[in-house]
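FYI, side chains are in, hydrogens and waters are out, and symmetry mates aren't considered; it's all heavy atoms of this structure. To find a chain, count down the sequence lines: A is the first, B the second, and so on, and within it residues start at 1.
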Amino acid sequence: MFKLLKTEGTARRGQFSCAHGGTVQTPVFMNVGTQGAIKGGVSAHDLKEIGCQIELSNTYHLHLRPGDDVVRQMGGLHKFMDWDGPILTDSGGFQVFSLAALRKIKEEGVQFASHLDGHKIFMGPEESMQIQSHLGSDVAMAFDECVENPATHEYAKASCERTLRWLERCKTEHDRLNTLPDTVNPKQMLFGINQGSIYPDLRVWHMQQIAKIDCEGFAIGGLAVGESAEVMYEIIDAVEPYMPKEKPRYLMGVGTPSNIIEGVARGVDFFDCVMPSRNGRHGKLFTWEGTVNILNEKYKTDPSPISESCQCPACRSFSKAYLRHLFKADEVLALRLAVLHNLYFYNELMAKIRTALDEGTFGDFRAKYSGVLEQRV
RNA sequence: GGGAGAGUUCCAGAGCGGUCAAAUGGGGCAGACUGUAAAUCUGUUGUCUACGACUUCGGUGGUUCGAAUCCACCCUCUCCCA
C-alpha cells in the first residue's frame, strides 16, 4: 500500500507498506541481490547496517539456481537469505533483453536457453508469476519484454502491445496464486511495467492501457539501455502525467546518482541499479565530491578514507591506500568494502533526497548535486 | 677437469635470415560498466621534434643487400659426468 506524504513540484515523498519489513520510505533505492545475495560478498545482514530498506532479486536467475521450488521448500526467499525487509522480484523481463542471443520471443512467452548449461526454459507471464509466488517476494513484477535500443517504432509497438497482453495474463495468474491455501506470501503485490522504447506516443498509449489494470504500482522499464540521459528524461516526462498519482512509480534499472535525482524530480519513487555493486567491484566508488577510481596510482599512498564525510564500514576504518592494495592483491575484502561503500552512498543519497523533500528543499538539493556527483575526483 | 644447454623488450616466454619494436601470458597504467551470462570487458605498455625517425633481443667483432635469428671469440648462468 502506498501513501503519498508530500510533493515538491513533480517530486514525491511517500511511504510504501509491505507484508515484510513494514513501511518503506520513498523515494527509495532497492539494493540489487539478483541471486539472493549482493555480489561482492554482502549479506542480508550487511544490508541492515548500510541503511537498505528493500532488496531486489531475480526470477530467472533464482528459477535456474537453486530453483524456485527449492526456495519455496526453504520457506521463501526472505527466510532463505535471512532478510526480513521487503523484497521485490524482477520478472525475467530484463533477461529477455540481456540474454537476447539465448532466447526466442513468442506470444505465449519466451523460450530461453539457460546461460548456465543451455537447457531449454520456457517463461511466459504465468510461469514468471508462479516462480515469483514460490519465492514469496513482497512485490512481483509483471513479465515484460525489455526492448533493446534502438528499436523501430513498428517493433516497439508490437512489443508493447504484447507486453500489455502479458500483463493481463500476469494479473489473472497473480490473483489466482495469491488465493491458493499454501501460497508463500498471500499479500504479494504486482507492479505493471510501461514499455514503448523511445517513442512518446507508444509510451503514453501503453501507460494509459496498463493503468486500467489493477496493479499496486507501475514501473517504467526499457530505459537506460543505450539511449541518452536526455531521451530517458523526455520519456519519463511524457509518461509521468499518465501514471496513477496514488500508486508508486518505479524507474527500472536506473541509475547513476544524477539519474536518480533527475528521476525523483520527475516523480519517480523507486529505483534499482546494478551500478553501485558492479562499479564497486570494479573499483569505481561514489562520493559526495564525485567518483573515485580507487585503482588509480595517485591513491597508492593516500592515507585518507574514500570519503571523509562517509560513515560506511570501509570509510570508518580504512585508507584509500589500503583499499587500493586489497584490489591490487585480489583480496575479496576489497570487493566487499567497495560494494558496502557504494550501497551506503546510494542509501544515504536517498535519505538526503527524502529529507530535502520533507523540508521542501529538494530543488536546492538537485541544483547542488545533480552535476557534481558524476565528476571524477 | 670433461660434456650438454641457455642468455629476448618490467617478468615469464615465443621467434631462429627480410613481412620484428618483436607472438602470448603476467605485471603496470588508463577507460568502460544503468530491472547483473560482468571479482568482467576494452585500450595501452622502448625512445622521439611521432601517418615518420631512432636505439633495442648478454658483450665484441664478422658474414650478408639485410641479423634477435648465421659464424668467431669473450662473459654469465643451468644441468650431467668426474
Mind checking whether A:Phe345 and A:Trp288 have parallel, tilted or perpendicular rings, split at 30° and 60°? tilted
Whole-Å gap separating P (B:U36) and CG (A:Asn342): 17 Å
A:Phe143 CZ to B:G35 P, straight-line distance once rounded to whole Å: 17 Å
C1' atom, B:G7 versus B:A68: distance in rounded Å? 12 Å
If B:G43 has a Watson-Crick or G-U wobble mate with both distances under 3.5 Å, name it; if not, just say none. B:C29
Inter-nucleotide C1' distance (B:C70, B:C65), Å rounded: 16 Å
Tell me whether the side-chain N/O atoms of A:Asn58 come closer than 4.0 Å to OP1 or OP2 in B:G35. no
Do the rings of A:Tyr346 and A:Phe286 sit parallel, tilted or perpendicular, given the 30° and 60° boundaries? perpendicular
Expressed as a whole number of angstroms, how long is the span from A:Asn149:CG to B:G35:C1'? 16 Å
Do any side-chain nitrogens or oxygens of A:Thr256 fall under 4.0 Å of OP1 or OP2 in B:U34? no
Between atom CE in A:Met30 and atom P in B:U36, what is the gap in whole Å? 10 Å
Do the side chains of A:Glu289 and A:Arg376 get close enough for a salt bridge, i.e. N-O under 4.0 angstrom? no
Salt bridge flag under 4.0 Å for residues A:Glu154 and A:Lys157: no
Is the ring pair A:Phe94/A:Phe97 parallel, tilted or perpendicular, if the boundaries are 30 and 60 degrees? tilted
Which nucleotide, if any, forms a Watson-Crick or G-U wobble pair with B:C57, using both distances under 3.5 Å? none
Between the protein and nucleotides 28-31 of chain B, are there any N/O to N/O pairs under 3.5 Å, and if so, what are the atom names and distances?
{"from": "B:C29", "atom 1": "OP1", "to": "A:Arg324", "atom 2": "NH2", "distance (Å)": "2.5"}
{"from": "B:C29", "atom 1": "OP2", "to": "A:Lys328", "atom 2": "NZ", "distance (Å)": "2.3"}
{"from": "B:A30", "atom 1": "OP1", "to": "A:Glu297", "atom 2": "N", "distance (Å)": "3.2"}
{"from": "B:A30", "atom 1": "OP2", "to": "A:Glu297", "atom 2": "N", "distance (Å)": "3.2"}
{"from": "B:G31", "atom 1": "OP2", "to": "A:Asn293", "atom 2": "ND2", "distance (Å)": "3.0"}
{"from": "B:G31", "atom 1": "OP2", "to": "A:Asn296", "atom 2": "ND2", "distance (Å)": "3.2"}
{"from": "B:G31", "atom 1": "O3'", "to": "A:Arg376", "atom 2": "NH2", "distance (Å)": "3.1"}

Would you measure the distance from the C1' atom in B:C16 across to the matching atom in B:A6 and give it in whole Å? 14 Å
Between B:C71 and B:A22, how far is it from one C1' atom to the other, in whole Å? 23 Å
What distance, rounded to whole Å, do you find between the two C1' atoms, one in B:C33 and one in B:A38? 9 Å
Reckon A:Ile193 touches a base, only the sugar-phosphate, or nothing at all at heavy-atom distances under 4.0 Å? base
Listed partners of A:Asn293 passing side-chain hydrogen bond (donor to acceptor under 3.5 Å, both in side chains), at least two apart: none
Partner nucleotide, any strand, of B:A4 [Watson-Crick/G-U, under 3.5 Å]: B:U78
Could you tell me how far B:G46 sits from B:C29 if I compare only their P atoms? Round to whole Å. 16 Å
Are A:Tyr250 and A:Asp272 close enough that a side-chain donor and a side-chain acceptor fall under 3.5 Å? yes
Once base and sugar-phosphate atoms are separated, protein heavy atoms under 4.0 Å mark nucleotides 38-47 of chain B, 5' to 3', with B, S and - as BBB-------
Watson-Crick or G-U counterpart of B:U24, or none if no pair lies under 3.5 Å: B:A12
Counting any heavy atom closer than 4.0 Å, what does A:Gln195 reach on the DNA or RNA strands: base, sugar-phosphate only, or nothing? base
Return the nearest nucleotide to the side chain of A:Ala224; candidates are B:A37, B:G35, B:U34. B:U34
With both distances under 3.5 angstrom, what nucleotide forms a Watson-Crick or G-U wobble pair with B:C70? B:G62
Any strand is fair game: report the nucleotide pairing with B:C51 by Watson-Crick or G-U wobble, both distances under 3.5 Å, or none. none
Does a side-chain N-to-carboxylate-O contact under 4.0 Å join A:Asp302 and A:Arg324? no
Within the structure shown, what part of the strands sits under 4.0 Å from A:Gly222 by heavy-atom distance: base, sugar-phosphate, or nothing? base
Which of parallel (below 30°), tilted (30 to 60°) and perpendicular (above 60°) describes A:His325 and A:Tyr322? tilted
Rounded to whole angstroms, how far apart are OH on A:Tyr250 and C1' on B:G35? 4 Å
Can you tell me the pairing partner of B:U34 across any strand shown, Watson-Crick or G-U wobble, with both distances under 3.5 angstrom? none
Which is true for A:Ser114 with a 4.0 Å heavy-atom rule: it touches a base, it touches only sugar-phosphate, or it touches nothing? nothing
Taking atom P in both B:U8 and B:C77, what distance in whole Å separates the two? 14 Å
Identify whether any heavy atom of A:Asp272 sits under 4.0 Å from a base atom; if not, whether one sits that close to sugar-phosphate; answer base, sugar-phosphate or nothing. sugar-phosphate
Whole-Å distance between B:U34 C1' and A:Tyr233 OH? 11 Å
In whole angstrom, give the distance that lies between atom CE of A:Met252 and atom C1' of B:G35. 4 Å
Taken to the nearest whole Å, CD1/A:Ile38 to P/B:U36 is 11 Å
Let me spell it out: for each of A:Ala101 and A:Cys273, pick the nucleotide of RNA chain B with the closest heavy atom. Which residue's pick is nearer the 5' end? A:Cys273
Is A:Glu126 paired with A:Arg169 through a side-chain N to carboxylate O contact shorter than 4.0 Å? yes
What I want to check is whether the side chains of A:Ser137 and A:Thr89 have a donor and an acceptor closer together than 3.5 Å. yes
Sticking with atom P, work out how far B:U9 lies from B:G59, rounded to a whole angstrom. 10 Å
Under-4.0 Å salt bridge between A:Asp182 and A:Arg72: yes
